[in-house]
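What follows is a set of notes on a single structure, which appears directly below.
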Protein chains: 2
Amino acid sequence: MFSQACKYAIRAVLYLAVHASAGKKVGVKDIAAALDVPKYFLAKILQQLSRNNLISSTKGPSGGFYLSEKNLEATLKEVVECIDGPDVFNACILGLPVCSSENPCPLHIQAFAYREGLHYQLKHQAIGDLAKRIEREEQKI
Amino acid sequence: MFSQACKYAIRAVLYLAVHASAGKKVGVKDIAAALDVPKYFLAKILQQLSRNNLISSTKGPSGGFYLSEKNLEATLKEVVECIDGPDVFNACILGLPVCSSENPCPLHIQAFAYREGLHYQLKHQAIGDLAKRIEREEQKI
DNA sequence: TAAATAAAAGATTTTTTTGTCTTTTATTAT
DNA sequence: ATAATAAAAGACAAAAAAATCTTTTATTTA
Ligand code: FES
Ligand code: FES
């Protein structure tokens with residue numbers, strides 16, 4: 001479903017939503033250590049998210065990454081599409097050129113439900129709200 | 001979700017279920033052409049399925065691949081796991097070391113629900129029955 | 001202003017996946 | 001038996017994804 005880079009991206013964004021803020025930025029090194037993820041690879045991913053204004057950062061001492069108020073209002077759908085491209089939620093599970101309910105492949109019905117359920121949550125839940133739930137329910141990242 | 005190899009495997013098996021039989025075997029070249037899939041790569045995949053007794057084959061003139069009665073009773077779950085390994089349906093969508101409802105990641109609920117939906121169909125539907133539905137509903141492969 | 005810090009950017013390497021080609025082996029039909 | 005056929009197996013190449021290292025740029029604190 002998601003590339004390795006995308007998995008790291010989602011986890012890093014959620015980590016920032018929970019543990020960082022404009023007043024308490026956190027560096028790649030710390031994030032990588034907390035998530036047990038390759039440091040340099042994560043840095044690349046964070047740069048890409050930053051370029052696309054999905055996360056915020058400042059350089060220099062006491063710098064690092066965090067989510068602005070604006071960033072917290074975005075959704076994971078945007079994060080996912082930033083890393084894995086815009087077709088993640090529209091592609092046929094068998095790799096056929098188009099996915100459609102009118103002309104479905106044999107796995108379409110289940111696959112479509114699978115994707116849409118996930119897609120719906122990722123599209124409609126703000127990252128900030130998700131973070132609150134993670135803290136409330138003590139979910140792992 | 002599925003690797004490219006696995007997608008080809010599923011499609012090839014379904015193609016065989018619909019178009020081949022013990023009396024009418026079909027060669028890699030024909031399958032590859034029909035599915036528009038790289039010939040030599042498909043050959044590798046079919047060999048692996050054959051070694052694991054998920055499809056049948058004979059060499060030589062008028063030889064080729066087909067599904068025996070036994071093969072038709074197997075499920076796509078077995079095909080998938082033969083190619084992509086046994087963890088496909090148990091892995092956390094974020095790549096966390098374990099996926100469990102007791103200690104879920106933030107995407108677990110959706111991911112699990114729909115993954116299980118797919119898993120259930122692939123596990124409980126015999127390939128032969130699936131093939132009948134494909135013919136009945138004229139689904140694409 | 002200078003030194004220290006941390007992200008941004010660029011270049012490279014490694015690993016995995018995908019795809020190709022060649023040789024061998026088994027089977028069949030002549 | 002022999003020739004033709006097609007899968008099996010092995011070796012190889014290309015492309016993509018993942019991971020690493022180095023240099024540059026911006027920022028802050030002393
Ligand atoms: S057509 Fe294959 S998943 Fe929709
Ligand atoms: S724990 Fe992540 S999908 Fe189940």
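No experiment lies behind these values; they were computed from the predicted model shown. Labels below follow one simple rule: chain letters A, B, ... track the order of the sequence lines, proteins then strands, and each chain is numbered from 1.
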Checklist line | Trace of the side-chain contact (heavy atoms from CB on, under 4.5 Å) decision for B:L35 with B:I141 | finding: CA-CA 7 Å; B:L35 301 182; B:I141 310 180; 4.2 Å; yes

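- Residue A:Q47 contributes atom CD, which lies 13 Å from atom C1' of C:dA11 at whole-angstrom precision.
- The side chain to side chain contact (heavy atoms under 4.5 Å, CB included) with B:C82 is formed by just one residue from the set B:I55, B:L54, B:I45; it is B:L54.
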Can you name the atoms? Protein N/O to nucleotides 16-18 of chain C N/O, anything below 3.5 Å, with the distance.
from, atom 1, to, atom 2, distance (Å)
C:dT18, OP1, B:Q4, N, 2.9

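- At least one donor-acceptor pair under 3.5 Å links the side chain of B:R133 to the backbone N or O of A:P106.
- Rounding to whole angstrom units, OH of residue A:Y40 and P of C:dG10 are separated by 18 Å.
- A 4.0 Å heavy-atom criterion places the boundary nucleotides of DNA chain D facing chain B at D:dA4 to D:dA11, written 5' to 3'.
- Taking both residues in full, the closest heavy atoms of B:Q48 and B:N52 are given as O-ND2, 2.8 Å, listed atom of the first, atom of the second, then distance.
- No donor-acceptor distance shorter than 3.5 angstrom exists from the side chain of A:N103 to the backbone of B:Q139, with no hydrogens or angles considered.
- Between the side chain of A:E78 and the backbone N or O of A:T75, at least one donor-acceptor pair lies under 3.5 Å.
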Next item on the list: Report the C-alpha distance between A:S100 and A:H108 in whole Å, list the side-chain angles of each, state the deciding distance to 0.1 Å, and finish with yes or no for side-chain contact (heavy atoms from CB on, under 4.5 Å).
Entry: CA-CA 8 Å; A:S100 94; A:H108 177 83; 5.8 Å; no

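- Remark: the backbone N or O of B:L94 is not paired with any side-chain donor or acceptor of A:R11 at under 3.5 angstrom.
- When the C1' atoms of four end pairs are superposed on the next four at each end of the helix from C:dT1-D:dA30 to C:dT30-D:dA1, using five pairs per end, the two resulting axes differ in direction by 10°, to 10°.
- Here C:dA26 presents its P atom at 15 Å from CZ of B:R51, a figure rounded to the nearest Å.
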Next item on the list: Let me see the working for A:L107 and B:L76 under side-chain contact (heavy atoms from CB on, under 4.5 Å), right down to the final yes or no.
Entry: CA-CA 10 Å; A:L107 301 190; B:L76 284 185; 4.2 Å; yes

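- Within the 3.5 Å criterion, the main-chain N or O of A:R115 finds no donor-acceptor partner in the side chain of A:H119.
- Residue A:K44 is classed as a base contact, given a heavy-atom separation below 4.0 Å to a base.
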